[in-house]
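Here is how names work: the chains are called A, B, and so on, in the same order as the sequence lines, proteins then strands, and each is numbered from 1. Worth knowing before you read on, the calculation uses all heavy atoms, side chains too, and leaves out hydrogens, waters and symmetry mates.
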Amino acid sequence: MKKNMTRRNFIKASGAIVSSASLGSLLWPVKSFGLGGKPKPRVVIVGGGFGGVTCARYIKKFDTNIDVTLIERDTQFVTCPFSNLVLGGLRDMNSITYNYDAVKNKDGVNVIHDEVTDIDMEKRQIKTKGGQTFDYDRAVFSPGIDFLWDKVEGYSEADVETIPHAWKAGKQTTLLKSQLEAMEDGGTFVMVAPPNPFRCPPGPYERASMIAHYLKTNKPKSKVIILDAKENFSKQPLFTKGWEALYPGMIEWVAGTKGGIVTRADAKNMELHNEAGDTIKGAVINYIPHQAAGTIARKLGLADATGWCPVNQKTFESTLHKNIHVIGDSSVSDPLPKSGYAASSEGKMCAAAVVAAINGIEMPNPSYSNTCYSLVGPDYGISIAAVYRFDGAKIISVDGAGGVSPADADESFRRAEALYASGWYTSITQELFG
Amino acid sequence: MWVTKPGARMLAASCLALMSFSTTAEPVSEGAMLSITCNGCHGPDGKSTGSIPAIGGKSADYIEKALLDFRDDKRPSTVMKRHAKGYSDAQIKLIAEYFAAKK
């Protein structure tokens, strides 16, 4: 301990931007080597989404000498952002599907397509379904969310083929889209929106908007009903105003206390039952389940009783286990929202924290931001933004900054924000996969 | 104290070697912490190729003035004034210098 302190002080005093492979290197199992035969420090990242990929790339940006392994089950990544545009008929699946070639080839991240099954925190080893073992000095978990299947009677994981969630983009998006395409004009689309906290707070309402756009264009006699577990939702006044402008009379939103809380689902008869005892039939039903931190994080003991992962708000290191960081939707990082942009912002700060820790330097104060665009219609965009800092104990939203698009904005403002939504998408996906 | 220990000289030597080896790496600086979150919209190193303006490589004066004007409601914007209000003069200067260096 004393020795470490002294070394750190020396490095700080010498003014060097130290590049890894130096501190405590004799303790590391010898597998890969940096310069002078020293083993390179190793970081293993679990989950190749907005948080994990961004973190991997920024670790390499800050320190090329760190050996970064990214473990991701799938070889392709379909973004949740803009998957609602696929449902609206504005985009196709190809345009929101990516692979890990650039992460591998441009940044030299070791990308492993396998599934993490276990961890040995003493030996600092991560194990996979494929039988591989990865040593780490620091691990970063970014497993996103998984669903809680026991919250609504009669609905289980098997029912997602009939009543899709489409809350992880991919096959589920395609399924929901094909159901909408098969629906007759005059049919009712019913969405069940989840209680807080959940991934992408404005997401269900952008989805309702995009589906209303598709139906208005192709099946104008149809209806959209949102059964919501909540009493209010993100950007609500802006969505409500947009719906009145673009889809008058088409979208009905039902608050929790007004019958929005669904207690039973019946996939066979395509029926939902609410607390009030009503039966709601849908030609197409989209049930977005209750959520918790990715299953792997809960299985490995990174989550607390809430089902989410508590972290040090500066470094995103787990408060339950040392040398393991948790970022993205799985982590408890509010007021940062569970959004792809926030996950990416967290991935960057976590990368800085990991590089600082490995090199024994002090991490500067982190700074986060979030920008979420939602499309109400193809030329009607709205946004929410915020800037966040670490106040010494927790993350806070900076007073006076942030907020939503103005309520009284004109058509050109909404059009500009729709255009910027596509620019946002171009940029953030380049950050990840470009 | 530790300098006299075996291996310490090697440690110092490897630090120096790595410094020159990692010239492409970016320092974990306060300016970087404030700036890299902007890349989410403005693209890697601020070099957006989409509908959001690129800022990487623009002059520090230009970026600083733009941010100050957004913040102080002197330049119209959609979302930028909401962001700019989250930064002090000194922080804006650091951001401007960070992106100006991304030639």
* Ring centres under 6.0 angstrom apart (Phe433(A), Tyr100(A)) -> yes
Which residue out of [options] racks up the most heavy-atom pairs below 4.5 Å with chain B?
| options | value |
| --- | --- |
| Leu432(A), Ile384(A), Val387(A) | Val387(A) |
| Asn365(A), Thr54(A), Asn370(A), Thr371(A) | Thr371(A) |
| Ala351(A), Ser367(A), Ala385(A), Ser383(A) | Ser367(A) |
| Gly340(A), Ser344(A), Ser369(A) | Ser369(A) |
| Lys60(A), Met349(A), Arg389(A) | Arg389(A) |

Side chain from CB out, backbone as N, CA, C, O: work out which of these in [X] comes under 4.5 Å of a heavy atom of chain B, or both, or neither.
| X | result |
| --- | --- |
| Ala421(A) | neither |
| Tyr420(A) | both |
| Tyr58(A) | side chain |
| Ala352(A) | both |

- Anything under 30° is parallel, anything over 60° is perpendicular, the rest tilted; go ahead and classify Tyr425(A) against Phe82(A).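 Tyr425(A) vs Phe82(A) ring planes: parallel.
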Would you say [X]'s side chain and [Y]'s backbone share a donor-acceptor pair under 3.5 angstrom?
| X | Y | answer |
| --- | --- | --- |
| Asn312(A) | Lys314(A) | yes |
| Arg75(B) | Arg71(B) | no |
| Lys81(B) | Leu67(B) | no |
| His325(A) | Thr315(A) | yes |

query: Only one of Arg57(A), Lys61(A), Lys348(A) clears salt bridge (Lys or Arg N to Asp or Glu O under 4.0 Å) with Glu431(A); which?
result: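 Of the listed options, the one satisfying the test is Lys348(A).
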query: For chain A, which of Arg82(B), Glu30(B), His42(B) has the most heavy-atom pairs under 4.5 Å?
result: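 Sorted descending by pairs with chain A, the first entry is Arg82(B).
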Residue from Gly50(B), Cys41(B), Gly43(B) scoring the most non-hydrogen pairs under 4.5 Å with chain A is Cys41(B)
Under 4.5 Å to a heavy atom of chain A? For Ser29(B) that would be backbone
Legend entry - Flag side-chain contact, heavy atom, 4.5 Å: Tyr98(A) against Thr79(A):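 Result yes, sub-4.5 Å side-chain heavy-atom pair found.
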